[in-house]
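Below is one structure; the comments refer to it alone.
Keep in mind that this is a model prediction, so the values were computed, not measured. This chain uses plain numbering: 1 for the first residue, then up along the sequence.
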Amino acid sequence: VRGCTSCSSTICSDIWSYISEQSSLTEAFCIAILEAASCGLLTVSTRVGGVPEVLPDDMIVLAEPDPEDMVRAVRQAIDILPGIDPQIMHRRMKKLYSWDDVAKRTEIVYDRAMQSSNTNLLDRLPRYLTCGAWAGKLFCLVMIINYLVWCLLEFLQPAEGIEEVPDIGPLHIHSDSVDDQCEAQRN
């Protein structure tokens, strides 16, 4: 979906907040942290998974996944809060993350994956076994089951009968950035 939304037409539930608290025991990449920072909120979060890499250190206060440490982090955030300008934080977030940039980086990852060597299942199974006494065997079992399901699906509907989507090249060449379109709509 393409388009622009002005701040006046957007209802941000965090508009009456100053600090966003996001606690989790596991987290890969927390979009809620980005949304809070985009609204100009200082974020307090647990130091798990990929969370420490999502925002610069001055935009987030990290704590161990422990209630006492979360209380300490919230107190630290309250002390930092007078030095936080929500508008500056919003502008910084706009420069740090954009969907155009995410799409370009995702395309690079897919291109690299397509260029990697295509090893067969029998060559990969010994690598899975090195993942641990139980985990390695479990990974091998999952891969074998996946392979058998793939063979069944290939039998039911062979790949030759599936229409291939034509390659139209990189999408960012064919369209202006969303920010450029928003700017043009404003003028």
Side-chain angles (χ1 to χ4, degrees), residues 1-5 20 22-39 43 45-60 62 64-65 89-184:
V1 176
R2 300 186 125 219
C4 305
T5 305
S20 173
Q22 306 285 332
S23 57
S24 178
L25 294 176
T26 61
E27 193 73 54
F29 186 88
C30 186
I31 296 291
I33 290 174
L34 298 180
E35 292 168 345
S38 289
C39 289
T43 301
S45 183
T46 45
R47 184 182 286 110
V48 295
V51 170
E53 301 167 16
V54 174
L55 291 174
D57 292 340
D58 63 323
M59 297 175 87
I60 189 168
L62 295 170
E64 296 304 318
M89 189 176 289
H90 174 74
R91 284 193 292 274
R92 285 181 65 197
M93 286 303 298
K94 191 174 176 180
K95 290 178 184 174
L96 284 173
Y97 291 97
S98 75
W99 285 116
D100 289 332
D101 186 44
V102 170
K104 288 174 190 172
R105 289 185 286 164
T106 302
E107 185 179 11
I108 290 169
V109 169
Y110 278 109
D111 286 342
R112 286 183 185 161
M114 293 299 293
Q115 293 169 1
S116 67
S117 64
N118 190 5
T119 58
N120 67 30
L121 180 63
L122 291 176
D123 292 338
R124 289 185 306 205
L125 284 177
R127 289 192 318 201
Y128 293 124
L129 285 173
T130 64
C131 294
W134 290 101
K137 291 177 180 84
L138 178 65
F139 293 162
C140 284
L141 179 65
V142 168
M143 290 305 298
I144 291 168
I145 291 171
N146 281 341
Y147 177 75
L148 292 174
V149 169
W150 175 74
C151 287
L152 175 66
L153 294 173
E154 178 69 23
F155 173 76
L156 295 174
Q157 183 166 358
E160 296 82 31
I162 300 173
E163 182 181 352
E164 199 170 306
V165 177
D167 185 9
I168 61 170
L171 291 178
H172 61 274
I173 292 174
H174 300 289
S175 65
D176 297 331
S177 77
V178 174
D179 288 337
D180 293 342
Q181 292 176 6
C182 288
E183 191 64 36

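- Residues in residues 135-155 take part in these ring-ring contact (aromatic ring centres under 6.0 Å, His included) pairs, two or more places apart or across chains: Tyr147-Trp150.
- Ile31 is linked by a side-chain contact (heavy atoms from CB on, under 4.5 Å) to Phe29, Leu34, Glu35, counting only residues two or more places apart in sequence or in another chain.
- In terms of modelled atom types and a separation under 3.5 Å, the side chain of His90 and the main chain of Ser38 share a donor-acceptor contact.
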For residues 126-133, tabulate all N or O donor-acceptor pairs below 3.5 Å that involve a side-chain atom, not counting sequence neighbours.
| unit_1 | atom_1 | unit_2 | atom_2 | d |
| --- | --- | --- | --- | --- |
| Thr130 | OG1 | Arg127 | O | 2.6 |

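- Among residues two or more places apart in sequence or in another chain, the side-chain contact (heavy atoms from CB on, under 4.5 Å) test is passed with Asp123 by Thr119, Asn120.
- Pro56 places a side-chain heavy atom less than 4.5 Å from the side chain of Leu96.
- When the shell of 6.0 Å around CG of Leu25 is examined, it contains 12 or fewer heavy atoms from other residues, nucleotides or ligands.
- Under the side-chain hydrogen bond (donor to acceptor under 3.5 Å, both in side chains) criterion, Asn146 pairs with no residue, sequence neighbours left out.
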Ignoring hydrogens and angles, write down the donor-acceptor pairs under 3.5 Å from the side chains of residues 156-166, residues two or more places apart or on other chains.
none

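- With sequence neighbours excluded, no residue forms a side-chain hydrogen bond (donor to acceptor under 3.5 Å, both in side chains) with Glu154.
- In this structure Arg124 satisfies the side-chain hydrogen bond (donor to acceptor under 3.5 Å, both in side chains) test with no other residue, sequence neighbours excluded.
- Taking 4.5 Å as the limit, every side-chain heavy atom of Val54 sits out of range of all side-chain heavy atoms of Thr43.
- Minimum interatomic distance between Val51 and Thr46 (heavy atoms only, all atoms of both residues): CG1-O, 3.5 Å.
- Considering CD1 of Ile144 and CG of Leu148, their distance stands at 7.5 Å, rounded to 0.5 Å.
- Between Leu125 and Cys140 the shortest heavy-atom distance is O-SG, 3.4 Å.
- Residues meeting the side-chain contact (heavy atoms from CB on, under 4.5 Å) test with Val109, sequence neighbours left out: none.
- In this structure, Ile33 CD1 and Met93 CE are separated by 9.5 Å, a value rounded to the nearest 0.5 Å.
- Using modelled atom types and a 3.5 Å distance limit, the side chains of Gln22 and Ser24 yield no donor-acceptor pair.
- In this structure, the salt bridge (charged side-chain N to carboxylate O under 4.0 Å, His left out) partners of Arg105, at least two apart in sequence or on a different chain, are Asp101.
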